[in-house]
*Asks:* 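Here it is, the structure, as C-alpha cells.
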Amino acid sequence: MFSLSSTVQPQVTVPLSHLINAFHSPKKTPVSVSASISQNQHRDVVSEHEAPTNEPVLNLRDLGLSELKVGQIDQLVDSLLPGFYKDKNVSSHWHTSHVSAQSFFENKYGCLDMFSTLRSSCLYRQHSRTLKRICSDLQYWPVFIQSRGFKTLKSRTRRLQSTSERLAETQHTAPSFVKGFLLRDRGSDVESLDKLMKTKNIPEAHQDAFKTGFAEGFLKAQALTQKTNDSLRRTRLIVFILLVVGIYGLLKNPFLSVRFRTTTGLDSAVDPVQMKNVTFEHVKGVEEAKQELQEVVEFLKNPQKFTVLGGKLPKGILLVGPPGTGKTLLARAVAGEADVPFYYASGSEFDEMFVGVGASRIRNLFREAKANAPCVIFIDELDSVGGKRIESPMHPYSRQTINQLLAEMDGFKPNEGVIIIGATNFPEALDNALIRPGRFDMQVTVPRPDVKGRTEILKWYLNKIKFDQSVDPEIIARGTVGFSGAELENLVNQAALKAAVDGKEMVTMKELEFSKDKILMGPERRSVEIDNKNKTITAYHESGHAIIAYYTKDAMPINKATIMPRGPTLGHVSLLPENDRWNETRAQLLAQMDVSMGGRVAEELIFGSDHITTGASSDFDNATKIAKRMVTKFGMSEKLGVMTYSDTGKLSPETQSAIEQEIRILLRDSYERAKHILKTHAKEHKNLAEALLTYETLDAKEIQIVLEGKKLEVR
Ligand SMILES: Nc1ncnc2c1ncn2[C@@H]1O[C@H](COP(=O)(O)OP(=O)(O)OP(=O)(O)O)[C@@H](O)[C@H]1O
Ligand SMILES: [Zn+2]
C-alpha cells in the first residue's frame with residue numbers, strides 16, 4: 001500500500017518495517033507484502049496463542065523484496081510451495097533458526113544474508129530446488145540490505161522470547177513507555193491501536209500513514225532515549241570525577257583545606273611532644289629566667305604540693321625577649337624537666353582569614369591539653385594571636401580568636417596542671433586582658449646574653465664540633481655583642497662549615513673570626529679586583545684607625561685589622577670591649593670618635609688633602625652620632641648644659657645653632673687629636689699599612705708585634 005523506502009530513510013527500512021508489521025492486526029488480510037509477511041516474523045515477540053496464525057515468517061523487507069506488489073509474493077510462494085501457509089508447525093521451527101543464523105551473519109558482516117535465511121529454513125530443505133530457481137530469478141533484486149546501526153534494536157526485539165528475558169532487556173534499554181509496549185500483550189496493543197484509529201475516525205486510506213508516523217515517532221523516541229541515557233551516564237561520570245578531584249583539591253589546597261578540616265572536625269589539635277631530651281642544661285646564659293621557671297617545673301612535677309598550702313601558681317607565663325634568645329627552648333626545657341607533654345602552637349597558626357577557624361583551633365588545643373594534664377602548652381608569637389583587639393581588615397577574626405583564648409584560660413582551675421607559656425618579642429602589643437592576673441600574669445624576661453652568657457653558649461655549641469685547643473670562646477664572645485643564642489649557634493656552625501670547605505680537621509679561631517665577620521658585615525668579596533692604588537689607600541686608612549685605637553687610652557682594644565673587602569666595605573678594624581659596656585664614659589665616647597676620625601686623617605696626611613676619598617663617610621656618620629648624643633642626650637656639653645633635646649626640629653633657631661656648633665667643636669677637636677697621634681706615630685702607621693698590604697689581615701697580636709717595631713713571622 002505504501003512504500004516505506006519512499007517515506008523513510010533507507011537505513012531505517014528494516015526496523016521500521018518490523019514495527020509497522022507489529023502494529024498490523026494478525027487477523028487482517030495483509031495490506032502490503034512487507035506487512036503481511038512480517039506478521040509471522042513477530043511471533044517471537046507475540047504471545048503463544050497468536051504464533052501459528054498465518055502468513056510466511058519471512059520479512060521480505062529484510063530480503064529487499066519490498067518493491068513487490070500486493071499479492072505477487074503470495075502467488076509466487078503459493079506456486080512454489082503449495083500448502084505452505086497451511087503448515088503451522090513448520091514456521092515456528094525454522095523461524096527460530098532463522099533468527100540465530102541471521103543474527104550470527106549480521107554480527108559478522110553487518111548485513112542481512114537473505115540466502116542463508118532461506119537456506120537454513122526447513123523451507124529450503126523441503127523445496128531446495130524450487131527455491132534455488134527463485135533465487136536465480138531474483139538476482140536483479142537488491143539482495144543485501146545494509147542494516148548496520150539497527151542490529152541492537154533488531155536483536156533486542158527478536159531475542160525477547162521469554163517474559164523474564166523481556167523484562168531484563170527492557171529494564172536496561174527501553175524507556176518506560178516502550179517497556180510497556182513490549183511487555184504488554186501484543187494482541188491488546190494491536191487492538192488498542194486499531195481502536196484508537198477507529199475512535200479517531202481515521203480513514204482507511206490514511207491508516208498506514210498513521211501507523212508509519214507512529215512507528216517513526218517510536219524510533220525517534222528510542223534513539224532519543226538512548227542518547228539521553230548515554231549523556232546521563234557521561235554526566236554521572238564527569239560529576240564523579242569532579243567530585244573526586246574536588247575533594248582531593250580541597251585536602252591539598254592549604255587555603256581551602258583549613259576551612260574543610262575545621263568545619264568537618266578533622267582539624268584536631270597539635271600532637272603533644274615529649275620533651276625529655278631538652279632540659280635546663282641545654283639552655284645557656286639565661287640563668288635568671290631558668291631560676292624563675294624552676295618553680296613552674298616543681299608545680300608540674302607535683303601539683304598537690306602547691307594546692308595543700310593553698311598557693312596559686314600562675315596559669316600563664318609570658319616569656320619576653322628578642323628573637324632567638326631561647327624562649328622556645330626554655331619552654332621545652334620546662335616540659336622536659338617536669339617530664340610532661342608539651343603542646344606547641346604558633347600564634348600565626350590561629351591567624352586565619354576564615355571566621356571561627358582560629359577559635360576552633362584554640363578550643364581543640366585546650367581540649368587535648370586538658371585531657372593530658374599535667375602538661376605545658378606553648379604558644380609562640382603570642383602577639384599574633386593575642387594582639388590588641390583592633391578592627392583590622394588584615395585580621396578580621398582576631399577578636400574571636402583572642403576571646404576564645406581568654407575563655408579557655410578562664411575555663412580551667414589554676415591547679416589543674418595545665419601551664420600555658422606564651423612567647424613574644426613585643427609584649428606591649430599584647431591585649432591588656434591577656435596580661436592581667438589570672439591569665440599571663442607572670443612575665444619572664446629572656447634577654448640577649450651578656451659576654452658571660454655568650455661564652456657559655458659558644459662553649460656549649462663548640463663542644464658539639466671538633467675545635468682546636470687554641471680557640472678562646474671568650475674572645476669571640478667579646479666580639480659578638482648583641483648576638484642572640486641562635487646567632488651564636490649559627491656562628492659556630494658556619495665556622496665548622498668553613499673548616500670543612502678549607503679541608504681542615506678542626507675549627508680554629510680563624511674560622512670563628514671569619515664566620516663572625518661574615519655575620520656582622522656580610523661575606524668576603526674575594527673576587528673583587530682592587531687596584532694597588534686603592535689597596536694602598538685602604539691599608540693606610542685602616543692603619544690610621546688602628547693606630548689611634550692603639551695609642552688612645554680609653555679606646556677599646558683592637559681585635560683585628562683587614563683590607564679584605566667584605567659586604568659594602570673595602571676593609572675594617574674591629575675593636576673588642578673587654579666587657580659588655582653598660583655605661584660609657586665621656587673619655588670612652590671621645591676615644592670612639594677619635595678612632596673614627598683616624599681613617600680620614602691618615603688619608604689626608606699620606607696622600608694630601610686633594611686625594612682624600614669618600615671612604616670615610618661612614619666613619620663621620622659614626623663620629624657625628626656620638627657627638628650629637630653627647631650634646632643632646634648625655635648632657636656632656638658645657639655650653640648647653642645638663643639638658644636633653646629630644647626633638648631638635650622643634651627647638652628655637654638659636655638653640656639649634658648652639659647644638660650644631662657644639663657638635664662641630666667636638667668633631668673638630670677629635671679630628672685634631674687624631675691628627676696629632678698619627679703625626680706622632682707616622683713610622684708605626686707606615687709599618688702597619690705595609691704589613692696589611694702584605695698580609696691582608698692582622699690579628700691583635702700581630703698588630704702589636706708590628707707596632708712594637710718587630711718583624712712578623714712569615715705565615
Ligand atoms: N640560651 C640559649 N642556649 C642555648 N641555645 C640557644 C639559646 N638561645 C637560643 N639557642 C639556640 O637557638 C635556637 C632558637 O632559639 P629559640 O627558638 O628558642 O628562640 P626564641 O627566643 O624562641 O626565638 P623566636 O622569638 O624567634 O621564636 C634554639 O633551638 C637553640 O638551638
Ligand atoms: Zn674607616
Side-chain angles (χ1 to χ4, degrees), residues 275 277-290 293 318-336 342 344-348 378-384 421-427 444-450 452-464 477 483-493 521 537-549 561-563 566 568-575 592-604 612-623 674 692:
M275 282 293 132
N277 54 342
V278 179
T279 60
F280 282 147
E281 228 346 78
H282 296 74
V283 198
K284 302 289 177 189
V286 278
E287 294 311 315
E288 294 79 8
K290 282 202 266 184
L293 291 170
L318 194 60
L319 300 181
V320 181
T325 45
K327 297 182 292 295
T328 312
L329 203 63
L330 269 172
R332 293 193 157 184
V334 168
F342 176 80
Y344 175 90
S346 173
S348 54
F378 178 66
I379 305 177
D380 207 354
E381 304 167 48
L382 187 66
D383 42 291
S384 64
I421 302 180
T424 182
N425 307 327
F426 314 100
V444 175
T445 311
V446 190
R448 286 204 173 90
D450 57 8
K452 193 167 155 269
R454 290 198 299 275
T455 313
E456 272 181 36
I457 295 171
L458 283 168
K459 276 185 190 162
W460 173 257
Y461 287 111
L462 277 169
N463 279 327
K464 297 186 178 190
F483 272 45
S484 67
E487 282 168 327
L488 291 169
E489 186 188 2
N490 182 33
L491 189 153
V492 174
N493 185 48
M521 282 174 282
I537 293 173
T538 310
Y540 276 96
H541 178 110
E542 298 307 334
S543 307
H545 289 307
I547 296 285
I548 309 289
T562 180
I563 55 165
R566 189 183 276 282
T569 66
L570 287 178
H572 73 273
V573 171
S574 75
L575 307 176
Q592 279 181 46
M593 283 171 63
D594 296 357
V595 173
S596 294
M597 292 295 181
R600 165 56 70 80
V601 172
E603 282 180 32
E604 194 195 322
I612 50 174
T613 68
T614 54
S617 95
S618 65
D619 295 334
F620 293 147
D621 262 356
N622 194 28
L692 271 178

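FYI, the numbering just counts along the sequence from 1. First listed ligand is number 1; within each ligand, the first listed atom is number 1.
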*Asks:* Could you tell me the residue and atom name of the protein heavy atom closest to atom 17 (O) of ligand 1, and the distance to it rounded to 0.1 Å?
*Replies:* T328 OG1, 3.5 Å
*Asks:* Kindly write out the residues that satisfy ring pair (Phe, Tyr, Trp, His ring centres under 6.0 Å) with F483, not counting sequence neighbours, or none if the list is empty.
*Replies:* none
*Asks:* List ligand 1 atoms under 4.0 Å from H282, heavy atoms only on the residue side.
*Replies:* 3 (N), 4 (C)
*Asks:* Among protein heavy atoms, which lies nearest atom 30 (C) of ligand 1, and at what distance?
*Replies:* Y461 OH, 3.3 Å
*Asks:* Would you mind checking which non-hydrogen protein atom is closest to atom 2 (C) of ligand 1, with the distance to 0.1 Å?
*Replies:* K284 O, 3.5 Å
*Asks:* Can you name the atoms of ligand 1, numbered from 1 with element, that are less than 4.0 Å from a heavy atom of V283?
*Replies:* 1 (N), 3 (N)
*Asks:* Provide the number and element of each atom of ligand 1 under 4.0 Å from a heavy atom of D380.
*Replies:* 27 (O)
*Asks:* Could you walk me through whether Y461 and L491 pass the side chain to side chain contact (heavy atoms under 4.5 Å, CB included) check?
*Replies:* CA-CA 9 Å; Y461 287 111; L491 189 153; over 6 Å; no
*Asks:* If we only count heavy atoms from C-beta on, is the M597 to F620 side-chain gap below 4.5 Å?
*Replies:* yes
*Asks:* So which protein heavy atom does atom 14 (C) of ligand 1 come closest to, and at what separation?
*Replies:* A486 CB, 4.0 Å
*Asks:* Answer whether the closest heavy-atom distance between the side chains of E489 and I457 falls below 4.5 Å.
*Replies:* no
*Asks:* With sequence neighbours excluded, tell me which residues meet side chain to side chain donor-acceptor pair (under 3.5 Å) with E603.
*Replies:* H541, T613
*Asks:* Look at atom 13 (C) of ligand 1 and say which protein heavy atom is nearest, naming residue and atom and giving the distance to 0.1 Å.
*Replies:* E489 OE1, 3.8 Å
*Asks:* Does the side chain of V595 reach to within under 4.5 Å of the side chain of L575, using non-hydrogen atoms?
*Replies:* yes
*Asks:* One thing to verify: whether E287 and K290 come together as a salt bridge, which I'm taking to mean a side-chain N less than 4.0 angstrom from a carboxylate O.
*Replies:* yes
*Asks:* Does any N/O atom on P323 come nearer than 3.5 Å to any N/O atom on ligand 1?
*Replies:* no
*Asks:* Name the closest protein heavy atom to atom 25 (O) of ligand 1, giving the residue it belongs to and the distance to 0.1 Å.
*Replies:* K327 NZ, 2.8 Å
*Asks:* Got a second to check how far K327's NZ is from S484's OG, nearest 0.5 Å?
*Replies:* 8.5 Å
*Asks:* Is there an N/O/S atom in H545 at a distance below 2.8 Å from the Zn ion (ligand 2)?
*Replies:* yes
*Asks:* Is any side-chain heavy atom of V446 closer than 4.5 Å to a side-chain heavy atom of L330?
*Replies:* yes
*Asks:* When you draw lines from the Zn ion (ligand 2) to NE2 of H541 and to OD2 of D619, what angle lies between them, to the nearest 10°?
*Replies:* 90°
*Asks:* Note the single closest protein heavy atom to atom 29 (O) of ligand 1, along with its residue, its atom name and the distance in Å.
*Replies:* L329 CD1, 4.1 Å
*Asks:* Are the side chains of S543 and L692 in contact, using a 4.5 Å heavy-atom criterion?
*Replies:* yes
*Asks:* Give yes or no for whether the N/O distance cutoff of 3.5 Å, strictly under, is met between G324 and ligand 1.
*Replies:* yes
*Asks:* What atoms of ligand 1 come within less than 4.0 Å of a heavy atom belonging to N425?
*Replies:* 25 (O)
*Asks:* Can you label the angle between the Y344 ring and the F378 ring as parallel, tilted or perpendicular, going by 30° and 60°?
*Replies:* tilted
*Asks:* Which residue owns the protein heavy atom closest to atom 7 (C) of ligand 1, what's the atom, and how far is it?
*Replies:* G485 CA, 3.9 Å
*Asks:* Taking both backbone and side-chain atoms of G285, is any N or O found less than 3.5 Å from an N or O belonging to ligand 1?
*Replies:* no
